[in-house]
Amino acid sequence: MVENELSFDEFAARVNLPLRQALVGALGPDRGEDGHALAMGYAWEHRQRVMAMESPVGYLFRVGRSQTRVRRKQIPPQYLLPVETPPEYEPELASALGGLPEKQRLAVFLVIGCGWSKADVARMTGRSESTIGTLVRRGLARLRQDLKAEEA
């Protein structure tokens, strides 16, 4: 049994950060953190099945989303402003990100904000790599329009 626990610890260390980034990007900080905790709990309870999956992060992402599903009207995620503002930070970025459709917000957040490859995001969301590229382009275009920013 100790070997299984060690292998789950290694598995958890591998999926922890990407799963947290994906859920926070899609659902916002509060609901995303809750979804992450619930998904990791689910992973532990069903570890043999989850660890054998080809894309466990994608599966656990869907578990986290469904476990925290809001039954009332969808409220856009609220992204908190950092305590210390970085020199290149646009103060309205958090609000503009929250205004993007969830698919675009997730793609932009993971690819641009977290440095994920389009292939990784595609694998996690079950979409094609070209679809992720389109979502990123459209999301960035909308952010530029909403923030009245020029393309760099």
Report the residues that fulfil side chain to side chain contact (heavy atoms under 4.5 Å, CB included) with Ala12, sequence neighbours left out, ordered by chain and then residue number.
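By the side chain to side chain contact (heavy atoms under 4.5 Å, CB included) rule, Ala12 matches Phe8, Met40.
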
same_hphob_cluster([X], [Y]) at 4.5 Å side-chain heavy-atom cutoff:
X: Ile112; Y: Leu27; value: yes
X: Met51; Y: Tyr59; value: yes
X: Phe11; Y: Tyr42; value: yes
X: Leu23; Y: Met53; value: yes

Atom CZ of Arg62 and atom OG1 of Thr125: how far apart are they, to the nearest 0.5 Å?
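Result: 8.5 Å between the selected atoms.
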
Enter the distance from Leu140:CG to Leu147:CG here, rounded to the nearest 0.5 Å.
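CG of Leu147 is found 10.5 Å from CG of Leu140.
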
Side-chain heavy atoms of His36 within contact of Asn16, under 4.5 Å:
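Yes, their side chains come closer than 4.5 Å.
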
With heavy-atom distances below 4.5 Å as the criterion, would you say the side chains of Leu100 and Leu97 are in contact?
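Heavy-atom side-chain distance check passes, below 4.5 Å.
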
Within the side chain of [X], is there an N or O that forms a donor-acceptor pair under 3.5 Å with the backbone of [Y]?
X: Arg69; Y: Arg65; result: no
X: Arg142; Y: Gly99; result: yes
X: Arg127; Y: Ile132; result: no
X: Ser66; Y: Val63; result: yes

Can you see which heavy atom on [X] is nearest to which on [Y], and at what distance?
X: Ala39; Y: Leu19; answer: CB-CD2, 3.9 Å
X: Leu135; Y: Ala107; answer: CB-CB, 3.8 Å
X: Gly25; Y: Phe109; answer: CA-CD2, 3.3 Å
X: Pro56; Y: Val50; answer: CB-O, 3.7 Å
X: Phe61; Y: Ala22; answer: CE1-O, 3.5 Å

Enumerate the residue pairs fulfilling salt bridge (Lys or Arg N to Asp or Glu O under 4.0 Å) with a member in residues 32-46, sequence neighbours excluded, ordered by first and then second residue.
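Listed once each, the pairs are Arg20-Glu33.
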
Under 3.5 Å, which donor-acceptor pairs link side chains of residues 115-124 to any protein atom two or more places apart or in another chain?
residue : atom : partner : partner atom : Å
Trp116  : NE1  : Gln21   : OE1          : 2.5
Ser117  : OG   : Asp120  : N            : 3.0
Ser117  : OG   : Asp120  : OD2          : 3.3
Asp120  : OD1  : Arg123  : NH2          : 2.4

Please check if any side-chain donor atom of Thr131 sits under 3.5 Å from a side-chain acceptor atom of Ser128, or the reverse.
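The answer is yes; a qualifying pair exists.
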
